[in-house]
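A quick write-up on the structure given underneath.
Numbers restart at 1 for each chain; the letters A, B, ... are given by sequence-line order, proteins then strands.
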Amino acid sequence: MNQISNYGEYREIVLFSKIKLLRNVENLPFCNRMTLEQKNVLKNIITQIYSYNEYLSKYLTMIDMNTATDDEKNFAKQALSEQDEVDKLVFTSHKNDVSICVNDIEHLTIQANCLGLNLNKVYGICNNIDDIFDNSLSYAFDEKKGYLTTSPYDLGTALRACVILHLPALEQSGMMQRLSATIEKMGLRISSIFSDVDDNGAIYRISNQLTLGITEKDSILNLDSIVRQIIDSEILARNNLIQNRLQVEDSVFRSLGILKYARSMSIDEFLRLYSRVRLGIATSIIKDIDLDKFDELLNIVNDNNICNMAKDRLSLGEKDFIRAKIIRENLN
Amino acid sequence: MICEYCNQREAEAVLKQKLNGKIQIIHLCSVCANSMLLNNFFSDFSVNNIFAKNLETMPKTKKVCSKCGASFEDIVSSGRIGCSYCYDEFANEINRTIEKVHGKAVHIGKKPRSAKKISERKQLIAEYRNKLNKLVVEQEFEEAALLRDKIKMLESEGM
Ligand SMILES: [Zn+2]
Ligand SMILES: [Zn+2]
């Protein structure tokens, strides 16, 4: 089995593709009703399978959240769904693009992601890991309901797939509203990333909603084909936008200037400027900033990470100050 | 107002999210807001709470799951099922909600190894039954008797 080292397609529009498989083990209550003893039993079972499997033990590192260092914890936390990390195990690749969580919301969460669009490859990795566990233990499964999960919404394939897209041109042209309605009709879900303001950096998350009565293959195919249509529209809209080259250049460089020199930056302002500069990089208006490195800022400048780095509780003003500093250091 | 995600702590933060073109306002406690908004921009907002809201309208029951000890009240308040047996124990209460979400669909996706064996056996039994009917019609009683034994054996394996 190979690691994800190469990219998916359409990096200039797609931030990343991600797939999660949710699994529970037979004859143990789900995580929300497990005793400490049962959690430890599950940890032991999974650790055994991990250490006897050549692929898993070669590519993934085990992090026990009860004994890990702060740095390890901060790294592994990105894979968890719940804030509370007690009694959890995380097996993760060094880039965090493949991970397995134990005792999170479900007994097992198998996840993989890659930069750009490549859902098939990402699913392949999850599916292989799923097979490894399936060979050594019995999953909670029902002929009609499929894989049994803590939330009935995930019954069936218990597969969640999503693609994160940057759609500044579609948003500017005012087409997102109509597009959203179409996507919803196709049985998919489109959401903006969380923000207090409406101007959210034009970053959208498109994900599958259907898990029962659909195969994994079709579920991924549906999502992939809709995402490709959206990408085509975004490319068209960008070409239109670029017609006003001077205006776009002005907005791009003005935003880059603020990112490079500001002394205080709220998360909302960052997202707004990030979106414009990213469009500039993607359309080669800006040539000396690496897109991957620039996207990494998204992970670095969020409040939690800033607080983790400072190892302290910070006031809002302090966070904005540190955020601006980090951005400056990364861009200059 | 109580946090719409964990249903436990007092909500302090208001978050806006555009969902399918409509703006959705979510009230969260500081712990949940931290884990969702600030820990990771891309976290998927789970739908547990919506599930729980659906269940609240279901008839109340005092039943308790014999395997995990969850009461129906526990499931409603946490928005989470207690164990795989809960799905059977509370079938009356939960199935309508499942139907609301998924319609009458049944699973057609991947199956774990254990389930594959069961469905293969079921298929084999069905095939043998067909053959048996033919044999009886053709009055091949000796062969039919042998086949009947085979079916019995397969069926007892499934017990
Ligand atoms: Zn909460
Ligand atoms: Zn139960």
Heavy-atom cut-off 4.5 Å, strictly under: side chain, backbone, both or neither for [X] against chain B?
| X | answer |
| --- | --- |
| A/D131 | both |
| A/L212 | both |
| A/T149 | both |
| A/D218 | neither |
| A/L21 | neither |

Distance (rounded to the nearest 0.5 Å) between [X] [atom1] and [Y] [atom2]:
| X | Y | atom1 | atom2 | answer |
| --- | --- | --- | --- | --- |
| A/E143 | B/H107 | CD | NE2 | 8.5 Å |
| A/F30 | B/S84 | CZ | OG | 5.0 Å |
| A/E26 | B/C83 | CD | SG | 11.5 Å |
| B/I108 | A/K144 | CD1 | NZ | 15.0 Å |

Check this for me: [X], atom [atom1], are more than 12 non-hydrogen atoms of other residues, nucleotides or ligands nearer than 6.0 Å?
| X | atom1 | answer |
| --- | --- | --- |
| B/E142 | CD | no |
| B/K131 | NZ | no |
| A/K217 | NZ | no |

Distance-only, no hydrogens or angles: does the [X] side chain make a donor-acceptor pair with backbone N or O of [Y] under 3.5 Å?
| X | Y | answer |
| --- | --- | --- |
| B/R80 | A/T150 | no |
| A/N32 | B/I81 | yes |
| A/D134 | B/R113 | yes |

| request: Check step by step if side chain to side chain contact (heavy atoms under 4.5 Å, CB included) holds for A/D142 and B/Y87. | output: CA-CA 10 Å; A/D142 177 271; B/Y87 278 106; over 6 Å; no
| Can we say A/R33 and B/D74 salt-bridge, meaning some charged N sits less than 4.0 Å from an Asp/Glu carboxylate O? |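 Salt bridge present between A/R33 and B/D74.
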| request: Just give me the residue among A/T157, A/T215, A/L155 that pairs up with chain B most often, heavy atom to heavy atom, under 4.5 Å. | output: A/L155
| query | Which answer fits B/K104, side chain, backbone, both or neither, if we ask what part of it has an atom under 4.5 Å from a heavy atom of chain A? | reply |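 Neither the backbone nor the side chain of B/K104 comes within 4.5 Å of chain A.
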| task | Sort out for me which of B/G103, B/G82, B/S114 touches chain A most, counting heavy-atom pairs under 4.5 Å. | result | B/G82
| In terms of heavy-atom pairs under 4.5 Å, which option from B/P112, B/G69, B/A105 contacts chain A the most? |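 Of B/P112, B/G69, B/A105, B/P112 has the most heavy-atom pairs under 4.5 Å with chain A.
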| field | Full working for side chain to side chain contact (heavy atoms under 4.5 Å, CB included) between A/N27 and B/K67 | value | CA-CA 9 Å; A/N27 293 326; B/K67 284 280 172 182; 5.6 Å; no
| request: Would you confirm whether the ring centroid of B/H102 sits within less than 6.0 angstrom of the ring centroid of A/Y153? | output: no
| A/N127-B/K110 side chain donor-acceptor pair, cut-off 3.5 Å | yes
